[in-house]
4 protein chains.
Amino acid sequence: MHFASDNWAGVADEITAALRRSAGGFCTAYGESPDDRALEQTFNDLFETQVNLFFVGTGTAANALALTAVNRPGGFVFCHQNSHLIEDECGAPEYFTGGARLDPIAGDNGKMQPSALDAAIARFDPSFVHHGQPMAISVTQATECGTVYSIEELQAIAAIAKRHRLPLHMDGARFANALVHLDASPADATWRAGVDLLSFGGTKNGCWCAEALLVFNDSMAESMPYLRKRAAQLFSKTRFITAQFSAYLHEGLWLRLASHANAMAKRLADALGTHKSVRLAWQPQSNEVFVVMPKTLADRLQAAGANFYPWPVTDDVRGSMEPGEGLYRLVTSFATEPSHVDDFVRLL
Amino acid sequence: MHFASDNWAGVADEITAALRRSAGGFCTAYGESPDDRALEQTFNDLFETQVNLFFVGTGTAANALALTAVNRPGGFVFCHQNSHLIEDECGAPEYFTGGARLDPIAGDNGKMQPSALDAAIARFDPSFVHHGQPMAISVTQATECGTVYSIEELQAIAAIAKRHRLPLHMDGARFANALVHLDASPADATWRAGVDLLSFGGTKNGCWCAEALLVFNDSMAESMPYLRKRAAQLFSKTRFITAQFSAYLHEGLWLRLASHANAMAKRLADALGTHKSVRLAWQPQSNEVFVVMPKTLADRLQAAGANFYPWPVTDDVRGSMEPGEGLYRLVTSFATEPSHVDDFVRLL
Amino acid sequence: MHFASDNWAGVADEITAALRRSAGGFCTAYGESPDDRALEQTFNDLFETQVNLFFVGTGTAANALALTAVNRPGGFVFCHQNSHLIEDECGAPEYFTGGARLDPIAGDNGKMQPSALDAAIARFDPSFVHHGQPMAISVTQATECGTVYSIEELQAIAAIAKRHRLPLHMDGARFANALVHLDASPADATWRAGVDLLSFGGTKNGCWCAEALLVFNDSMAESMPYLRKRAAQLFSKTRFITAQFSAYLHEGLWLRLASHANAMAKRLADALGTHKSVRLAWQPQSNEVFVVMPKTLADRLQAAGANFYPWPVTDDVRGSMEPGEGLYRLVTSFATEPSHVDDFVRLL
Amino acid sequence: MHFASDNWAGVADEITAALRRSAGGFCTAYGESPDDRALEQTFNDLFETQVNLFFVGTGTAANALALTAVNRPGGFVFCHQNSHLIEDECGAPEYFTGGARLDPIAGDNGKMQPSALDAAIARFDPSFVHHGQPMAISVTQATECGTVYSIEELQAIAAIAKRHRLPLHMDGARFANALVHLDASPADATWRAGVDLLSFGGTKNGCWCAEALLVFNDSMAESMPYLRKRAAQLFSKTRFITAQFSAYLHEGLWLRLASHANAMAKRLADALGTHKSVRLAWQPQSNEVFVVMPKTLADRLQAAGANFYPWPVTDDVRGSMEPGEGLYRLVTSFATEPSHVDDFVRLL
């Protein structure tokens, strides 16, 4: 009953097999091999545009480098108050950018409230240097609440970005899970909706270690080869990421893996939704299920072998919680089997 | 005839097999699984001491984080003038440390001349803030010239570090190759000789992507968990590095791989040494062979399919070079076969 | 009717006279002259302890360097949500520290609520690297609301700092104004109450440009000479600051100047307090008076020649404001004359 | 007999008088007062172009901010190997830029050898990210050897900058002294010769503390208001710098002060040049005189009350020095009187 995180899961067979096939022979390092080039073309085809593709080692690196590419002195990045950028990167965005600030934007369901976002940006006056200046907007897709911005919601954010001439970054650590939910093309879900830079995650969805930064805006990509190398994120044997991503994107494997994870989340949510002591914090749209339940119940489940984490209570949930209750996160993955869900529900 | 770099080679079968074995099931992320713990013990046993072990994604990251851990404002790091730190990291050490400076130390054979090192450090006067201050010494083992500091040479550097109360870092991107040459224990070749921090590389010696920073001095390791996470170098599925290193260190695989690479380098050097138009720049002691030869000859070899790089001419070689000659690097690896060497020599 | 800011005022005659006296002859640069040494002794006497004294050019520099001296990777600085650090330094604290984050703490009257501060710090778990880690607490004295922490309130903050083993910094851009209000000794108002580092401002209280960082904790001062020089804050002709501070501290001039400014603020507040359309946002305890009044009234006053700024509405005032009202700041200084106040009140 | 440094001198009477005149009344802070605007016009007139003018606190700040404005990841700044940037700023350029590297360029007389400069830049290949990339050239005028680049020499450097599309910065800590020697207009000596950014120093030439960064290239100035504020270099009471510079530039005071200093240096050099145990290291062209003399003689002079510093021996002087000799620097200033020189010569 492993629902602690999708990074507790292992690796899809197809991906490990690809590594095995790629292990022999000699090839150019640092992203210059024919296989690396072929993968670039795969991304171009997938996104229906010329993509500037940069492998990195972690999602945090992709996020931090994206912001560094659009850095401004005294810069503010506007992102949801419970975003990974703010909560879980130990200051990497600030460190990589040499001190940009993350401005926490409120909003229910893990999504920035457009009016709050707009107000936060409007606070800045170009002639008043003391406050600093806006530099970027970052959305998380799927969100940290397991929800997904609709294309329309994304366009609303992008319109604000455009009005204030700000780059729009998307943290897509769980991009595949979001895309499956949206049932949209990668292009429609990103650059056609106004996204300039995308952290494209594979690790949480069945890879070993495969993360990339996709830059749709060419001018934002110009310095990236130097930014990445300077940040110690340029791998020598890039074949190890190329092999993973090639298998991941081959014949839709990535979407199948994500569909399965989402389906398992739905199975779990549906079962939990009928339980009298448990209620869903938000309606799951990807592979994360958040529930409010009595702490004593959570303790009992964990003692019985279920793995899942307590979660910091968010502003939109706080009001409805009773004393003794806690917020908990359960994450499914490509490796979650229906029996895991059923065992958990039975235990409950 | 692939002698371009050891990172053009693929991956040892044992290591890919270990990944396959490790691909299934659920386990704790971020270095907290039983396998991760077991590997820590393996390192402790290997180095005969309690090692602070930190996985990172690249050798550049290991080097840059090591220096960040011992950072000082206005700090100078003393390292060989042709070191990887200075030549090949696109400013990562300066970036990670927020501006430390690398002080290039002269010396033949890729090794810092102890007297030059001592003089460079002695230049600083603690009461004269304008110059900045010494903060660390870094040696590369094996060196960028394919040579290896003897234990005595290392101790001489360490004595200078000790006298000036400076931490001693070792860039061990090719540590296995050096160790095989020294025929010494890992402990004798590092902390017993005075090394405080070791960048321990596996990638160039048959891994996919396996690098670690080993910190022998506990106080220098204190902030490292935060430094590493902030630098976006904390992997979630650490099993992917743990599996590689476990196989790498199992029953001496790493030393067998390095021995083979070194033997291939010797075979190459021995054959080249008898050729009238080619001469060795330095006597190879690891898996890199540097030769001086006419550029026309090099061009002809490359045109015939041999892969190797021209190399920046160093101070100790410059004087002996004739017009029309160039310096070239040929690198062997675990994957180099005797026939590759023989084909190259035949071509020559 | 100049109430825009205390930095719109000029300079006290005694201070300009001291510059004139100091203009001739030759003396050692960079803080090493006999006059510089004598001033150090003056500070020691004034604070009844050995003070580590560092001149800097701006209050922002003093604040940012104080935090840099106690920097930690992924570090959080806890300070009031409307503090100068957060609102008015264009990211200097983040920039100088290479990415520390400022954690906004709520509290009425410009003062951090101790329970909110404690809760914010308690959120961090040393074993959970993703969140980052606490690194310092900073109080502003006098506050940005014109109020002053009592010694007891300060001690309550210091007790929290001590419990969490965090350094306590005080932004004393208006320290003299606070001290006059507290009627306490400099020692009692700072290090005896638990303050480790003090940004000691003279510019707003009648100097030309005289700011200093006072470090009471010796270990926190160790790297400061290098930190300051690296930050381009080491002046060559330090006599220009020494002369100012010597006159400033001579026979209590600084306290007389601040007393006058505070008295003018009281005169202004007393008069405004009786006006039916104007109400005090907070009870002034230093040289800043914040009022809520109709925007139309403010516009009329400004059109008639009164200089003062609208101010961002704070959380504790927002609830009591009517539509059409605004928050405004009026600042007095050593140069404010009773007639300025009376003219303003008459105009009103 | 004060020849230690021009920053040991005091302040010209006209400048202190200007401060006194400027001390009263109220005026807008942060560079927005009518006097500040008038000074901007003065600079425009003086340089015969629209100048972007930024006051800062130190020459180090001006230099470091100039480089930050043209920063690139993995960037190299090419400057003379004995430049102030490299020798005397405790890593400020690296710190402000977040890790740019200073590339020491050789050259006699404190001037970069154009061919060496060109070769250093040519080493970089845009497709080879590991080395980093060129980002700026910086000249020091007058040089650290007391010499002055002729307009033609400056144009030769500028031509290299242009060919490599690099910004050209001039460290003009002693710009007035250089200008007097060149007998050229400020425009001819800077932007007309190809200079993009100028650190314009007043402190060493009779001001208290008056430094500015002049940016001739508008696009390089765009971010500067934020860069400066973020670096804690935005002063509130800018009148204190405006008053100094206004007097400094009024009716050519700055050139008169510098002419006097240069004349005193010539008087000193002429006298020393005839002494048998002393020889000039370089022919003085500004207000610094460097001599080689026996250390015993230097010790005797210092014991007798002469203030001057020993100086690090440069590459172009080393070869001609005898055992027991040292290199020494003697600096004159606006405050040096002929009798100081004569006393020194007599002592000798």
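In this text the structure is predicted, and so the values were computed from the model without any measurement.
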Point to revise | Beyond-backbone contact of D:H130 with A:L234, side-chain heavy atoms, under 4.5 angstrom | key: yes
Check your understanding: So, for D:P225 and A:V129, which heavy atoms are closest and what is the spacing to 0.1 Å?
Key -> O-CG2, 3.2 Å
Review point. Side chains of D:Q133 and A:Y226: does their closest heavy-atom pair fall under 4.5 Å?
Key: yes
